[in-house]
Amino acid sequence: MHGGPSGYRDARPVVAMVNTNRIRPVVAPIAFDYLYEPLCEAGFAPILLDLCFEDDWRPAIMRMVERNTPDFWGVTLRNTDDACFSGKHSFLDLVRDMIDEIRAWSASPVVLGGVGFSIAPGAILSRCGADFGIQREGERSFPELMSRLRNGAPVDDIPGLVFRRRDEIVVVPPGMADLSETPARGRAFVDNARYFAEGGMVAIETKRGCNRSCIYCVEPGVKGRKVRLRPPALAVDEMEKLADRGLDAFHINDSEFNLDVEHAHAFCDEIRRRGDLARRIRWYAYGMPHPFPQRLADAMIAAGCAGMNFGVDSADDRILRAIRRTFRRRHIVQMVETCRKAGLLSMIELLFGFPEETYETAENSIRFMQACDAPLVSLTAGIRVFPGTVMAEIVAREGLSTSNPDLHGAIEGNEQMLEPLFYLPSRLGPDFVGAISRLVAGDSRFLPMNSPIMNYDDNGILVEEIAKGARGAYWDILNRWRKRQSPEKTAGLTEARS
């Protein structure tokens with residue numbers, strides 16, 4: 001436990017904050033850092049139960065109850081599953097078991113939240129058995145719920161609240177915080193130093209929300225379709241505090257760093273205004289090829305940015321239009337050249353298997369990456385079908401059935417699509433992964449397709465590299481590791497079948 005001495009109890013009601021995420025490398029529950037001050041300001045005593053670091057999590061729950069007697073439980077679900085075609089590992093049963101264990105020792109209310117929960121809040125509340133849930137951000141709604149439950153007041157109008165009313169589950173429309181009014185947090189509740197030592201980086205937010213309409217993506221649903229900008233000074237305040245504690249590698253948690261170019265530029269300028277901060281840190285971001293002007297790439301480099309991975313998905317304009325991306329092939333070429341001129345390390349993510357995909361469109365994307373001399377490209381076949389997305393609607397129309405040859409993973413009894421379900425058109429052939437792998441064989445710019453090494457759940461290579469001192473984005477660490485290996489060792493890293 002962290003955030004208070006063992007057995008400590010003051011007059012305030014205790015809220016046990018439970019991190020259920022046990023993936024390796026470890027990823028810090030940033031939401032708890034953002035919830036800590038609001039809970040304290042509302043009169044509660046938050047205590048952290050981080051099951052990530054417990055060899056046996058069941059006794060840890062028992063010890064929490066015996067030492068602290070929590071009045072409330074806040075449980076986070078970061079991911080429903082590993083979202084990896086080669087893994088297909090669901091985390092929901094584990095979270096349900098953890099909540100069952102809490103109930104075995106405590107009668108206090110259990111509230112479930114987190115990005116993973118917000119993908120399908122009603123269905124996940126029912127599946128995991130919590131008393132309440134908070135959809136999307138909880139800085140205001142979670143303390144408000146605790147206060148009303150404590151005082152016996154009605155709760156059914158709290159933004160984002162998910163609760164049971166007789167035989168139905170009610171989901172109250174979520175609110176959206178004004179980030180300009182949200183102060184910088186101390187980031188001292190979670191043991192970020194340990195997460196940095198074992199996870200290799202620290203997360204930072206510069207904005208929330210995504211206004212794009214990609215047919216497979218849950219980001220607009222879980223973070224809101226309105227892009228809300230955080231004052232750059234507040235985000236950099238957090239980075240500086242963490243850097244002063246020796247945590248010097250960061251990943252920007254935004255859906256797309258360059259959704260607002262001027263705001264991204266202002267963030268970089270703020271880092272540069274902090275004296276030597278840009279030289280003391282290294283950070284990475286996720287973005288899209290357009291808009292990405294040269295001046296932004298140059299500003300990122302000047303502010304200590306080490307790399308950016310671009311969610312490109314396809315380099316075939318027909319596919320890009322079909323999946324509702326807002327850029328085209330010409331923008332990808334411009335982005336590659338922009339990064340090259342700035343000296344910015346970049347990776348392009350290609351995602352194969354959309355309903356309109358053919359072997360020709362996939363090959364077209366590969367050939368295009370080779371022609372524009374993309375420095376690093378990751379390859380994934382199979383689209384994770386999440387509830388609430390256009391892809392889910394497509395699958396529902398085609399038929400969620402074992403007779404649908406385009407579906408892989410959990411099909412029977414998975415009508416709500418909570419379990420890992422993937423779409424990969426059968427027209428691509430029985431050996432699509434092998435065919436694409438042969439197409440890029442010997443080309444070191446391409447990371448192995450559908451490889452387990454690109455699954456960030458229980459990734460032994462990443463764990464070992466981080467233990468040796470590697471820091472930064474996982475794709476960068478893996479690429480550096482790969483460059484040190486012999487061709488024979490990396491030749492068999494691709495999953496053999498589609």
Side-chain angles (χ1 to χ4, degrees), residues 19-21 23 27-35 74-84 90-92 95 111-128 130 132-142 145 158-163 169-179 182 203-230 251-257 259 285-288 311 323-324 351 383-393 416-421 456-457:
N19 180 28
T20 66
N21 186 3
I23 67 171
V27 178
I30 185 174
F32 286 176
D33 263 350
Y34 287 164
L35 284 168
V75 179
T76 185
L77 173 63
R78 181 178 183 268
N79 302 102
T80 57
D81 55 87
D82 61 9
C84 183
S90 173
F91 306 139
L92 293 178
V95 174
V111 184
L112 187 56
V115 173
F117 173 75
S118 295
I119 289 174
I124 293 176
L125 184 79
S126 177
R127 170 73 177 273
C128 294
F132 301 94
I134 298 291
Q135 183 183 14
R136 295 187 189 165
E137 55 210 24
E139 287 100 328
R140 292 186 179 181
S141 295
F142 186 53
L145 174 63
I158 296 176
L161 182 67
V162 186
F163 65 100
I169 290 182
V170 179
V171 179
V172 181
M176 291 190 291
D178 183 348
L179 299 187
T182 303
I204 291 287
E205 283 186 334
T206 78
K207 69 175 76 68
R208 290 180 188 170
C210 183
N211 56 12
R212 296 314 197 246
S213 304
C214 308
I215 68 172
Y216 61 90
C217 187
V218 297
E219 289 283 305
V222 302
K223 295 184 178 181
R225 293 190 177 276
K226 180 181 179 181
V227 178
R228 292 161 293 142
L229 308 177
R230 193 177 184 203
H251 197 284
I252 307 300
N253 260 18
D254 303 2
S255 299
E256 307 265 17
F257 180 66
L259 272 174
Y286 180 84
M288 53 191 177
I323 64 177
R324 304 180 186 177
L351 183 54
I383 314 299
R384 171 60 165 102
V385 183
F386 284 106
T389 63
V390 174
M391 277 300 305
E393 296 173 5
Q416 295 172 316
M417 303 180 188
L418 299 183
E419 298 297 323
L421 176 69
Y456 299 157
D457 170 31

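Just so you know, these numbers come straight off a predicted model, no measurement behind them. Starting from 1, each residue takes its place in the sequence as its number.
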Give me the atom names and distance for the closest heavy-atom approach of [X] to [Y].
X	Y	answer
Arg136	Gly221	NE-O, 3.0 Å
Pro387	Ile119	CG-CG2, 3.8 Å
Ile204	Ile30	N-CD1, 4.4 Å
Ile124	Gly116	CD1-O, 3.4 Å
Ser126	Ile169	CB-CD1, 3.5 Å
Gly133	Leu125	N-CD1, 3.9 Å

Side chains of [X] and [Y], heavy atoms from C-beta outward: is any pair under 4.5 Å?
X	Y	answer
Leu161	Ile134	yes
Ile158	Phe163	no
Cys217	Arg212	no
Asn21	Pro29	no
Lys207	Leu229	yes
Leu145	Val111	yes

Looking at Arg228 and Glu205, is there a salt bridge between them, counting it only when a charged N and a carboxylate O are closer than 4.0 Å? no

Salt bridge between Arg208 and Glu137, side-chain N to carboxylate O under 4.0 Å? yes

At what distance, to the nearest 0.5 angstrom, does [atom1] of [X] lie from [atom2] of [Y]?
X	Y	atom1	atom2	answer
Tyr216	Leu351	OH	CG	6.0 Å
Met391	Leu421	CE	CG	8.5 Å
Asn211	Lys226	CG	NZ	11.5 Å
Arg225	Ser213	CZ	OG	5.5 Å
Glu219	Phe386	CD	CZ	10.0 Å
Ile383	Ile323	CD1	CD1	7.5 Å

So Arg324 and Val390, side-chain contact (heavy atoms from CB on, under 4.5 Å) or not? Walk me through it. CA-CA 10 Å; Arg324 304 180 186 177; Val390 174; 3.6 Å; yes

Without swapping roles, check the side chain of [X] against the backbone of [Y] for a donor-acceptor pair under 3.5 Å.
X	Y	answer
Thr20	Thr76	yes
Glu256	Met288	yes
Asn79	Asp81	no
Ser141	Pro159	yes
Asn253	Ala203	no

May I have the step-by-step check of side-chain contact (heavy atoms from CB on, under 4.5 Å) for Asp457 and Phe91, ending in yes or no? CA-CA 11 Å; Asp457 170 31; Phe91 306 139; 3.7 Å; yes

Can you check side-chain contact (heavy atoms from CB on, under 4.5 Å) on Val162 and Phe117, steps first, answer last? CA-CA 10 Å; Val162 186; Phe117 173 75; 4.0 Å; yes

